[in-house]
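All values reported here derive from a predicted model rather than from experimental measurement.
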Amino acid sequence: VQLQASGGGLVQAGGSLRLSCAASGRTFSRYAMGWFRQTPGKEREFVANIMWSGSLTYYADSVKGRFTISRDNAKNTVYLQMNSLKPEDTAVYYCAANRKGLSSSEREYDYWGQGTQVTVSS
């Protein structure tokens, strides 16, 4: 599975962005998908994930109520809708695929996209 993340950019605090992660391959629907983020000098942190069917989702406490993860298996794409953005949301955002199921640990993920930069100005 190859993953291509897009949709990052510069936005003012309080604004919104929608990230997309397009996957290649016919087995996309068999993977749980996750979004992680990383800032310089810090470890990559879990943001959200979604089950194969889209029926289960989990969020980091820091984004709960502001971010929404979704997927369209027909389009092999997972999304991250980010609302009410804060300067502390500034990071490189990565999408990842996990054959084993939902996990907030990056070690459990098998494939990673290249990352897309999100910058939130105050």
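In this structure, Glu108 CD and Glu106 CD are separated by 10.5 Å, a value rounded to the nearest 0.5 Å. Expressed to the nearest 0.5 Å, how far CZ of Arg66 lies from OG of Ser84 amounts to 7.0 Å. Distance check, rounded to the nearest 0.5 Å: CG of Leu102 to CG of Asn49 gives 4.5 Å. With rounding to the nearest 0.5 Å, the separation of CD1 in Ile69 from SG in Cys21 is 9.5 Å. Considering CD of Glu45 and OG of Ser104, their distance stands at 11.0 Å, rounded to 0.5 Å. Taken to the nearest 0.5 Å, the CG atom of Leu17 stands 9.0 Å off from the CG atom of Leu10.
Looking at Gln114, its side chain does come within 3.5 Å of a backbone N or O of Ala5 through a donor-acceptor pair. A donor-acceptor pair is defined here as one N or O able to donate and one able to accept, closer than 3.5 Å; no such pair exists between the side chain of Asn73 and the backbone of Asn76.
In terms of heavy atoms, Ala97 sits closest to Leu3 at N-CD1, 3.8 Å. Nearest heavy-atom pair across Gln38 and Arg44 is NE2-N, 3.7 Å. The nearest pair of heavy atoms linking Thr77 to Lys75 is OG1-O, 2.8 Å. Contact record, Pro87 with Ala13: CD-CB, 4.1 Å, taken as the closest heavy-atom pair. Shown here for Asp110 and Lys100, the closest heavy-atom pair between the two residues is OD1-NZ, 3.7 Å. Here the closest heavy-atom approach between residue Val78 and residue Ser70 is recorded as CG2-O, 3.1 Å.
Under the 4.5 Å side-chain heavy-atom criterion for ILVMFWY residues, a single connected hydrophobic cluster contains both Val118 and Val47. Tyr109 and Met33 fall into different hydrophobic clusters, defined by Ile, Leu, Val, Met, Phe, Trp and Tyr side-chain heavy atoms under 4.5 Å apart, directly or through other members. Under a hydrophobic-cluster definition in which Ile, Leu, Val, Met, Phe, Trp and Tyr are linked whenever side-chain heavy atoms come within less than 4.5 Å, directly or via other members, Leu19 and Val11 are assigned to the same cluster.
Side-chain contact annotation: Ser103 with Ser105, donor-acceptor N/O pair under 3.5 Å absent.
Cation-pi geometry between Arg37 and Tyr94 is not met at under 6.0 angstrom from the ring centre and within 45 degrees of the axis. Geometrically, Arg99 does not engage Tyr111 in a cation-pi contact, judged by NZ or CZ lying under 6.0 Å from the ring centre and within 45° of the ring axis. Geometric assessment of Arg71 against the ring of Tyr79 yields a negative cation-pi assignment under the 6.0 Å and 45° thresholds.
Listed by first then second residue, pairs satisfying ring-ring contact (aromatic ring centres under 6.0 Å, His included) with a partner in residues 39-69 read Phe36-Phe46, not counting sequence neighbours.
Using a 4.5 Å heavy-atom threshold, the side chains of Val92 and Thr116 count as separate. Counting heavy atoms from C-beta on, the side chains of Thr68 and Met82 never come closer than 4.5 Å.
Heavy atoms from other residues, nucleotides or ligands lying under 6.0 Å from CD of Gln117 number more than 12.
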Start with the C-alpha distance between Lys86 and Asp89, add both sets of side-chain angles, then the distance that settles salt bridge (charged side-chain N to carboxylate O under 4.0 Å, His left out), and finish with yes or no. CA-CA 5 Å; Lys86 304 175 181 180; Asp89 294 318; over 6 Å; no

